[in-house]
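Structure, as structure tokens:
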Amino acid sequence: MLAIIGGSGLTQLSNMEIERREVARTPYGEPSGALAFGRMCNEPVVFLARHGYGHTIPPHLVNYRANIWALKEAKVSGIVSVASVGGIRSDLAPGTLIVPDQIIDYTWGRKSTFFDGGESPVRHIDFTHPYDEALRRRLLAAVRAAGDSAVDGGVYASTQGPRLETAAEINRLERDGADIVGMTGMPEAALARELGLPYAAISVVVNYAAGRSSSEHGIHFGDIELVLQESMVRVRNVLECLCHV
Ligand code: HPA
């Protein structure tokens with residue numbers, strides 16, 4: 001059973017038949033909301049809204065550990081993350097779908113590991129390739145099956161938020177090699193790896209990053225909202241195709 005973690009603009013899956021909701025308790029506290037168990041084109045799936053069902057939890061306060069732990073406990077076979085991002089590279093215009101293959105983590109002060117010392121011996125994970133390649137391929141195949149297109153690969157910069165970046169910060173991220181910028185990619189991906197769960201992401205570019213192209217003089221939230229609504233219809237179609245590929 002696959003898990004889908006939905007971000008901004010995707011707090012529910014209209015094409016999913018929900019069978020039950022379960023409030024999970026974990027050693028790390030409560031997840032962002034109840035896990036919604038159900039079916040999408042007859043395949044079992046579990047959905048979780050990263051920011052809560054009323055979109056009330058900002059990126060730096062999401063209980064990433066509880067979310068990932070609860071999905072592990074639910075025995076999911078992998079996690080697909082949906083998140084909106086800003087496009088740094090000039091060809092990554094609003095409306096572009098992208099399945100990233102690398103991450104740079106700029107977040108701070110988040111509870112970012114299950115291996116926090118205490119009783120158990122220190123453990124490290126290999127994170128050379130932060131996303132699961134088989135799940136990435138499946139996502140890209142689902143995009144094609146949906147008759148849509150997505151950019152294969154890119155470097156996701158995870159910033160702290162909740163504010164957007166300055167133009168100089170975006171220039172720095174670009175010098176570092178980042179292609180897109182979002183606020184929730186980390187520690188989510190690393191926590192999934194720590195628990196051995198395959199994890200991949202489909203990112204939706206909803207704005208040019210600060211200082212770039214149409215965002216040269218600022219980012220317009222009204223425009224983001226429009227792109228978000230249109231793009232999430234496409235993402236829902238892609239997710240539905242996941243069970244056919
Ligand atoms: N920066 C960070 N996170 C984002 C952005 C952005 O420009 N757009 C959507 N999420």
Side-chain angles (χ1 to χ4, degrees), residues 1-24 31-57 59 62 67-68 70-85 94-100 131-132 134-152 156 180 182 184-185 188-189 192 197-207 224-245:
M1 172 178 62
L2 264 187
I4 295 163
I5 302 183
S8 300
L10 197 74
T11 48
Q12 54 187 9
L13 284 180
S14 47
N15 47 357
M16 171 183 173
E17 290 164 46
I18 296 178
E19 290 165 353
R20 68 193 159 91
R21 291 181 205 273
E22 208 172 286
V23 178
S32 300
L35 301 186
F37 291 86
R39 288 182 176 270
M40 210 157 46
C41 50
N42 240 2
E43 292 284 324
V45 62
V46 53
F47 180 80
L48 175 62
R50 182 183 287 114
H51 300 286
Y53 291 94
H55 204 275
T56 50
I57 311 170
V62 169
N67 287 353
I68 300 297
L71 294 176
K72 173 80 177 176
E73 290 277 285
K75 306 233 172 347
V76 303
S77 55
I79 300 174
V80 169
S81 153
V82 180
S84 61
V85 295
T96 305
L97 303 183
I98 172 165
V99 178
Y131 298 105
D132 182 81
L135 197 49
R136 284 188 69 254
R137 293 279 134 224
R138 223 180 125 190
L139 259 175
L140 288 162
V143 169
R144 281 192 298 274
D148 211 322
S149 64
V151 175
D152 176 2
Y156 176 107
I180 51 176
T184 55
E188 201 171 83
L197 289 172
Y199 178 97
I202 180 159
S203 304
V204 181
V205 180
V206 292
N207 58 282
I224 290 187
E225 201 48 48
L226 279 178
V227 181
L228 204 53
Q229 277 172 20
E230 282 170 15
S231 308
M232 288 307 163
V233 174
R234 291 162 58 201
V235 169
R236 282 193 187 95
N237 289 337
V238 169
L239 294 175
E240 201 170 306
C241 288
L242 264 179
C243 34
H244 305 305
V245 294

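Because only heavy atoms are used, hydrogens play no part in the values below, and waters and symmetry mates are left out as well, while side chains stay in.
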Inset, instruction - Determine, step by step, whether Phe37 and Met1 satisfy the side chain to side chain contact (heavy atoms under 4.5 Å, CB included) criterion, reporting the C-alpha distance in whole Å, the side-chain angles of both residues, the deciding distance to 0.1 Å, and the verdict. - result: CA-CA 10 Å; Phe37 291 86; Met1 172 178 62; 3.9 Å; yes
Inset, instruction - Decide, yes or no, whether a salt bridge links Arg137 with Asp132 under the criterion of side-chain N to carboxylate O below 4.0 Å. - result: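 Salt bridge: no.
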Looking only at heavy atoms, what is the nearest atom pair of [X] and [Y], with distance?
{"X": "Met232", "Y": "Ser8", "value": "CE-O, 3.4 Å"}
{"X": "Leu97", "Y": "Ser149", "value": "CB-O, 3.9 Å"}
{"X": "Val99", "Y": "Ala150", "value": "CG2-CB, 4.5 Å"}
{"X": "Tyr156", "Y": "Ser203", "value": "CD1-OG, 4.2 Å"}
{"X": "Leu48", "Y": "Ala34", "value": "CD1-O, 4.0 Å"}
{"X": "Ala142", "Y": "Val238", "value": "CB-O, 3.5 Å"}

Sub-4.5 Å side-chain heavy-atom contact between [X] and [Y]:
{"X": "Phe47", "Y": "Leu10", "value": "yes"}
{"X": "Glu19", "Y": "Pro44", "value": "no"}
{"X": "Asn15", "Y": "Leu239", "value": "no"}
{"X": "Leu2", "Y": "Leu242", "value": "yes"}

Rounded to the nearest 0.5 Å, what separates atom [atom1] in [X] from atom [atom2] in [Y]?
{"X": "Lys75", "Y": "Glu73", "atom1": "NZ", "atom2": "CD", "value": "6.5 Å"}
{"X": "Leu139", "Y": "Cys241", "atom1": "CG", "atom2": "SG", "value": "11.5 Å"}
{"X": "Ser231", "Y": "Leu226", "atom1": "OG", "atom2": "CG", "value": "10.0 Å"}
{"X": "Ser84", "Y": "Ile224", "atom1": "OG", "atom2": "CD1", "value": "7.5 Å"}
{"X": "Glu17", "Y": "Cys41", "atom1": "CD", "atom2": "SG", "value": "9.5 Å"}
{"X": "Asn237", "Y": "Asp148", "atom1": "CG", "atom2": "CG", "value": "8.0 Å"}

Legend entry - Residue from Ile202, Val204, Asp152, Val205 passing side chain to side chain contact (heavy atoms under 4.5 Å, CB included) with Ile98: Val205
Legend entry - Qualifying residue, where the test is side chain to side chain contact (heavy atoms under 4.5 Å, CB included) with Ile79 and the options are Asn67, Leu71, Leu135: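 Among Asn67, Leu71, Leu135, the one meeting side chain to side chain contact (heavy atoms under 4.5 Å, CB included) with Ile79 is Leu71.
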Legend entry - Sequence-distant partners of His55, ring-ring contact (aromatic ring centres under 6.0 Å, His included), two or more places apart: His51
Within the side chain of [X], is there an N or O that forms a donor-acceptor pair under 3.5 Å with the backbone of [Y]?
{"X": "Tyr53", "Y": "Gly33", "result": "no"}
{"X": "Arg236", "Y": "Gln12", "result": "yes"}
{"X": "Arg50", "Y": "Val62", "result": "no"}
{"X": "Arg234", "Y": "Val143", "result": "no"}

Inset, instruction - Kindly check if the number of other-residue, nucleotide or ligand heavy atoms within 6.0 Å of CZ (Arg21) is above 12? - result: no
Inset, instruction - Under the side chain to side chain contact (heavy atoms under 4.5 Å, CB included) rule, what do Cys243 and Asn42 come out as? Steps first, then yes or no, please. - result: CA-CA 8 Å; Cys243 34; Asn42 240 2; over 6 Å; no
Inset, instruction - Indicate the ring-plane relationship of Tyr131 and Tyr199, choosing parallel, tilted or perpendicular according to the 30° and 60° boundaries. - result: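 Rings of Tyr131 and Tyr199: parallel, as their planes differ by under 30°.
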